[in-house]
Amino acid sequence: MRDAPELRRLAGQLGILLRYRAADGAVRETSAATCAQLLAAMGVPVADEGQARRALAARRAAQRARLVAPTQVASAGSQVCVTVRGAAPAQVAVLDGAGGVVAQRDAQGGVAVFPDLPAGVYRARVVVARRRRGGVTAAEQALLVAPPSARDAAGALGDARGVGVWTNLYSLRREGDAGIGDLTAARELAEAAGRAGAAFLGLSPLHACRNRGLEVSPYSGTSRIFRNAIYLDVEQVPEFATCDEARALWAAPAQRERLGQLRAAARIDYAAVAAARLPVLVALHEAFRRGRGARAEYRAFLARDDGLPLDFATFCALEEDLAATGSPRDWRAWPEQLHDPDGAAVRSFRARRSREVDFHAFLQFELERQLGVCAAAARSAGMALGLYQDIALGALASGFDAWRFGELIVTQVSLGAPPDAYAQDGQDWGIPPLEPRRLGNDGFRYLRAVLRSACEHSGAVRVDHAMGLQRQWWVPGGSSAGEGAYVRYPVDALFALLAIASHEHDCVFIGEDLGTVPAGFRRRMTRAGALSSRVLLFERGKRGAFRAPSRWSRHALATANTHDLPPLHAWWSGADLELRRDLGILASDEALTAARLERADDRAALLRRLRAERLLGRAEPDAAALTVAVHAFLLRTPAVLVGWSLDDLAGEVVPVNLPGVPQRVYPSWTRRMQRDVAALAARLASQRSA
């Protein structure tokens, strides 16, 4: 297996990249051992060259027998041709998402032509009559009819520059909150930012999380389709105004004391916040069940995406029920009969525990409503784009998405990143990949639901680790991150899905394209209409000089930093380096000294650029003056969108996240802001006047 040419050929055909260009420019080879591990995870175990040859032969035979390609991407406004292999007469029907027949044609000469299909996601069903053997053979193709590109950001803004604010929702404070940022805090901030002239408010992912122990990261939740109920404002639930029980629970002396402690804390105690709100939400749900005001809307909500909201609610109720008996919060540890979401055991549980299931569905329904209120307030305040939401790269293997869409999940593998200057050993993010060959098997149902959730109330959507549209770094179980390999994804189909969702929901896409970026990927993003992410701290030449604003891309969102980087005040003062030394990440005083020297060079380089732009004088600036100069610098770039970090505007020093550092070492995702939204609103108003 040292050279293993047949195994490597098989790996290449199944999408495993046999080599890649690393961040340092060197070409790295994928080992045969890694190929074998990833093939096994894909369901193609290969122990020797003979097995590899047989697998290659079986693959060729399957391809010859396939009536149609599994997925086709076509351009809206042009003829769509469905090609059927073989000479037998065939009939092709194009079906919409609900299974209705949109058009039907005979395949003349093996091709069925559809001249006027509007943009959308379809299924092409092919039926071939087999005259010699009798009977019929059928097959389906996922058919993506896409606009030429996603919605243009400049057009959405009326050819103006869009300047906005981005923040981490959980970190916000407001008077009367429950110890965590919620959708009312987001609404108040959106209104203030809109009045100050902002075009958008960017929020950290709202994905569902368990909110207990170490499972609090918005980038590794249980679902990317559904949202985290911890962001609900219980006082804004419509039933709160008339439910005496809920108001009494919320106003009880012990509850007021507990809420006061949660609000005053510098860090979020997710489990305590969830526990404090639970009895009130249960009472509100009972009031909702007794009422009739939202029945029609609720039924429509439960039916969306082929009933996924009810599936999610069932999963949550099952997890709570089994956890009460000591079962792990991981569906893979449940009894085997509960592994099938469509099975009799799950249906029986849903019927027996309908009240508990309905409670979790109600939470998602109310989250949808409160997010809609927030989005409408942002637009009413004058924001051209309104909310800008964030889609994480994946979800936990133990969570809902993996349970409901298990056929898409690759086990014994996790996603990550190869070694680079930022993480010399690479990164392992602990979330499983999706199997790229299976994504279109059900018409891309899963990804369409993820996109709908993110786009529905947004004017812009950020796609985390956008390079994952083309390739993803798979780390075999038990291996280090550096022993992984890139696996190809159906990039044309995924960009087509973005374009369709963009026009369907009238939103702009931003790709987070930081790290090891494949050659040509950013040009491809531009052609697809997705904006690039350009970050000041990374926009540097080969010798370390910060790029002049004129050299920045127009097709971009320009920011000073990201949620993975320290706030500007910490970066300028070196407080982030001191924190890393305290945590043992910088393992010695010598390492700290070296990091300080490197930071001094970085500071000097930034000062040279800002002074060259006449944004700073010769005097050494403090962190506040530097922040003003940096924001003025971003406005000089041609980037169509500019995002200002609320942490930087507020002078925060403590980072919300330390990538690669275990949660038990540093409590990422828990830091709250020092000032509340009312104080930040005044800061935004003064920033506008400045």
Side-chain angles (χ1 to χ4, degrees), residues 177-178 180 182-184 186-187 206-212 221-250 255 270 273-324 329 341 346-347 349-375 399-401 403-404 449 452-453 456-457:
D177 67 33
I180 192 170
D182 56 26
L183 288 169
T184 295
R187 175 179 58 77
L206 306 181
H207 303 324
C209 289
R210 290 195 171 95
N211 302 316
R212 60 180 63 244
T222 59
S223 176
R224 295 190 292 167
I225 301 170
F226 296 97
R227 303 185 179 98
N228 195 339
I230 208 162
Y231 294 134
L232 280 175
D233 176 4
V234 299
E235 293 184 273
Q236 292 302 312
V237 177
E239 286 72 21
F240 190 85
T242 56
C243 181
D244 294 338
E245 181 185 1
R247 293 200 309 278
L249 287 168
W250 197 242
Q255 178 78 325
Y270 283 83
V273 170
R277 294 148 30 94
L278 181 59
V280 183
L281 289 170
V282 169
L284 292 172
H285 173 239
E286 289 302 313
F288 175 78
R289 284 169 62 87
R290 293 192 299 268
R292 297 180 180 273
R295 288 291 103 184
E297 295 89 342
Y298 187 51
R299 286 194 297 272
F301 172 78
L302 294 179
R304 74 186 336 175
D305 295 325
D306 297 323
L308 280 181
L310 196 56
D311 290 339
F312 178 74
T314 302
F315 174 86
C316 294
L318 265 169
E319 186 171 79
E320 291 294 331
D321 186 72
L322 293 169
R329 292 178 181 270
V346 172
R347 293 197 305 270
F349 174 86
R350 181 182 292 168
R352 293 195 321 272
R353 308 300 290 272
S354 61
R355 188 179 297 267
E356 290 86 346
V357 170
D358 193 66
F359 171 68
H360 291 284
F362 160 74
L363 295 182
Q364 291 300 315
F365 178 68
E366 181 58 21
L367 276 166
E368 183 82 11
R369 192 194 67 80
Q370 290 195 15
L371 181 61
V373 169
C374 180
F400 168 76
D401 289 4
W403 178 70
R404 174 69 269 185
R452 181 206 51 75
S453 176
E456 195 164 39
H457 297 295

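Computed from a prediction, not measured in an experiment: that's the story for all the values here.
In this structure, CG in L363 is found 9.5 Å from CG in D358, a value given to the nearest 0.5 Å. Note that the CG atom of D182 and the CG atom of N228 stand 11.5 Å from one another [nearest 0.5 Å].
Under the side chain to side chain donor-acceptor pair (under 3.5 Å) criterion, R350 pairs with D311, T314, sequence neighbours left out. Evaluation of the salt bridge (charged side-chain N to carboxylate O under 4.0 Å, His left out) rule for R187 yields E191 as partners, not counting sequence neighbours. Under the salt bridge (charged side-chain N to carboxylate O under 4.0 Å, His left out) criterion, R353 pairs with D321, E356, not counting sequence neighbours. With sequence neighbours excluded, no residue forms a side chain to side chain donor-acceptor pair (under 3.5 Å) with Y270.
In terms of modelled atom types and a separation under 3.5 Å, the side chain of R210 and the main chain of R329 share a donor-acceptor contact. Q370 places no side-chain N or O within donor-acceptor distance of the main-chain N or O of T184, the cut-off being under 3.5 Å. With D401 contributing its side chain and R224 its backbone, the two residues share a donor-acceptor pair below 3.5 Å. In this structure, the side chain of R277 engages the main chain of A229 through a donor-acceptor pair within 3.5 Å. For the pair R227 (side chain) and S453 (backbone), a donor-acceptor distance under 3.5 Å is present.
Using a 4.5 Å cut-off on side-chain heavy atoms (C-beta onward), V357 and F349 make contact. In this structure the side chain of Q255 reaches within 4.5 angstrom of the side chain of W250, judged on heavy atoms. Put simply, the side chain of R369 does not reach to within 4.5 Å of the side chain of E297, judged on heavy atoms. Counting heavy atoms from C-beta on, the side chains of F288 and V237 never come closer than 4.5 Å.
Taking every heavy atom of both residues into account, F315 and G399 meet most closely at CZ-C, 3.5 Å. The shortest non-hydrogen separation linking F240 to V280 is CE1-CG1, 4.4 Å. Between V346 and P341, the shortest heavy-atom contact is CG1-O, 3.5 Å. Of all the heavy atoms in W403 and L318, the pair that sits closest is CZ2-CD1, 4.3 Å. Minimum interatomic distance between C243 and L284 (heavy atoms only, all atoms of both residues): CB-CD2, 4.2 Å. For the residue pair C209 and G221, the shortest heavy atom distance occurs at SG-CA, 3.8 Å.
Between R247 and D244 a salt bridge is recorded (basic side-chain N to carboxylate O distance below 4.0 Å).
Between H285 and F362, the ring planes lie tilted relative to each other; the angle falls in the 30° to 60° range. Note: Y298 and F365 have perpendicular aromatic rings, judged against thresholds of 30 and 60 degrees for the angle between ring planes.
Here salt bridge (Lys or Arg N to Asp or Glu O under 4.0 Å) pairs that include residues 228-242, with residues two or more places apart or in two chains, are R174-D233.
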Run the side chain to side chain contact (heavy atoms under 4.5 Å, CB included) check on F400 and E319 step by step: do they pass?
CA-CA 10 Å; F400 168 76; E319 186 171 79; over 6 Å; no
Would you give me the side-chain donor-acceptor pairs under 3.5 Å for residues 303-310, sequence neighbours excluded?
{"from": "R304", "atom 1": "NH1", "to": "E368", "atom 2": "OE2", "distance (Å)": "3.4"}
{"from": "R304", "atom 1": "NH2", "to": "E456", "atom 2": "OE1", "distance (Å)": "3.1"}
{"from": "R304", "atom 1": "NH2", "to": "E456", "atom 2": "OE2", "distance (Å)": "2.8"}
{"from": "D305", "atom 1": "OD2", "to": "R452", "atom 2": "NE", "distance (Å)": "3.0"}
{"from": "D305", "atom 1": "OD2", "to": "R452", "atom 2": "NH2", "distance (Å)": "3.0"}

